[in-house]
There are 2 protein chains.
Amino acid sequence: MNIGEASRASGVSAKMIRHYESIGLVPPADRRDSGYRDYGTADLHRLGFIRHARDLGFSLDRIRVLLGLWSDPDRSNADVKAIARAHVTELEQRARQLNEMADALRSLADACDGDGRPDCPIIASLETGANVPACHPGGSQGAMPPPAPRRKAVAGH
Amino acid sequence: MNIGEASRASGVSAKMIRHYESIGLVPPADRRDSGYRDYGTADLHRLGFIRHARDLGFSLDRIRVLLGLWSDPDRSNADVKAIARAHVTELEQRARQLNEMADALRSLADACDGDGRPDCPIIASLETGANVPACHPGGSQGAMPPPAPRRKAVAGH
DNA sequence: CTGGACCTTCCCATCATGGGAAGGTCAACG
DNA sequence: CGTTGACCTTCCCATGATGGGAAGGTCCAG
């Protein structure tokens with residue numbers, strides 16, 4: 001199977017399949033004499049696994065770990081569960097931060113007349129920082145997986 | 001004022017202040033004979049504005065627009081309000097996607113015994129894609145500002 | 001045998017941010 | 001005066017996941 005067919009079948013873009021190979025997330029694909037990559041059902045299975053994990057917001061690094069557990073017949077479901085729980089916590093925290101920002105901005109917007117005059121509480125708050133969620137260094141986390149892995153209909157999926 | 005003092009006073013890292021200057025978000029700073037950048041209160045004010053906008057999750061591109069409105073004495077608060085409302089909608093959507101993922105993964109984790117055996121519904125779902133939030137191409141939005149701009153306590157802020 | 005669809009590799013862009021190197025400046029202290 | 005350490009300058013590179021596109025090779029149907 002060509003990379004294009006594998007892409008359509010797995011819902012992972014060809015570009016990404018090559019990238020995953022380059023970073024060792026999937027093993028180097030078999031090659032035909034022409035140099036074309038050749039995929040089988042096992043490869044599709046693995047790509048599907050990766051895609052579903054991405055759909056749940058896992059980073060490629062964590063997916064690497066999950067793939068390891070997947071192929072380990074002696075794995076402990078406690079390990080998997082721990083990773084999942086930790087990820088849930090991170091997702092919730094990111095969602096909370098976004099909601100905090102949305103709430104703050106929504107109330108600022110609600111306080112704005114929007115009547116065409118220059119007078120604007122939103123601008124005023126940006127100037128002074130009033131009612132803007134403060135930076136709380138204790139709970140800061142800079143290194144988190146991207147917001148939404150959402151690809152745009154790579155397959156008729 | 002040095003860039004370091006400006007950084008501490010505004011809560012924007014020196015690195016970022018230079019970056020903002022390089023992309024034209026702030027005007028080129030005055031220079032002393034030594035070549036050091038020199039900041040005044042107006043500059044601090046502008047940097048503070050940018051920081052607060054970042055704290056609300058605005059992208060630098062949108063902040064550019066907001067800065068334009070800020071310095072426009074004839075601005076319409078309706079314009080500001082429209083930008084804010086659009087941003088609120090985006091924030092909410094991102095939060096919703098994260099919560100969807102968290103919900104799905106939480107229920108998978110709840111279904112996992114975590115008793116040390118290899119048997120695991122989480123892994124099973126990643127294999128099959130069952131109970132994993134599907135990719136809904138219609139509502140997809142790839143180009144959104146980062147999840148949390150949170151910097152790590154650049155100032156004693 | 002040709003055209004178009006597909007594949008290959010390689011480089012570049014995104015977005016906001018930080019790390020670090022190589023070298024210049026400044027202020028305080030001995 | 002000299003040194004030291006904190007600070008500044010510019011420049012390049014990295015992140016993470018993804019896409020765009022160029023230059024060139026392959027495959028198959030007409």
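Note that the structure is predicted; figures quoted are calculated from it, not measured. Proteins get letters first, then strands, A, B, ... in listed order; numbering begins at 1 in each. Hydrogens, waters and symmetry mates are skipped; everything else that's a heavy atom, side chains included, is used.
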Can you check whether A:L60's main-chain N or O pairs, donor with acceptor, with A:R64's side chain at less than 3.5 Å? no
Ignoring hydrogens and angles, tell me if any N or O in the side chain of A:R54 forms a donor-acceptor pair with the backbone of A:F58 under 3.5 Å. yes
Using a cut-off of strictly less than 4.0 Å between a heavy atom of the residue and any atom of DNA chain D, enumerate the qualifying residues of residues 35-49 of chain A by number. A:Y36
How many whole angstroms separate atom [atom1] of [X] from atom [atom2] of [N]?
X	N	atom1	atom2	result
B:K15	D:dC8	NZ	C1'	12 Å
B:I23	C:dA13	CD1	C1'	15 Å
A:R51	D:dT18	CZ	C1'	15 Å
B:R64	C:dC15	CZ	C1'	13 Å
A:E21	D:dT18	CD	C1'	17 Å
B:R32	C:dG24	CZ	C1'	14 Å
B:R18	D:dT9	CZ	P	5 Å
A:Y20	D:dG19	OH	P	9 Å

Ignoring the backbone of [X], work out which of [options] is nearest its side chain.
X	options	answer
B:S34	C:dT8, C:dT17, C:dC26	C:dC26
A:S13	C:dT17, C:dT8, D:dG19	D:dG19
A:R31	D:dT10, C:dT9, D:dA17	C:dT9
A:H19	D:dT18, D:dG19, C:dA16	D:dT18

Test: [X] and [Y] ion pair at under 4.0 Å:
X	Y	answer
A:R106	A:D103	yes
A:D119	B:R75	no
B:R85	B:E90	no

Just by distance, no angles: are the side chains of B:D113 and A:N77 close enough, under 3.5 Å, to form a donor-acceptor pair? no
Answer yes if the side chains of A:N2 and A:R32 hold a donor-acceptor pair under 3.5 Å, and no otherwise. yes
Within the structure shown, what part of the strands sits under 4.0 Å from A:N2 by heavy-atom distance: base, sugar-phosphate, or nothing? sugar-phosphate
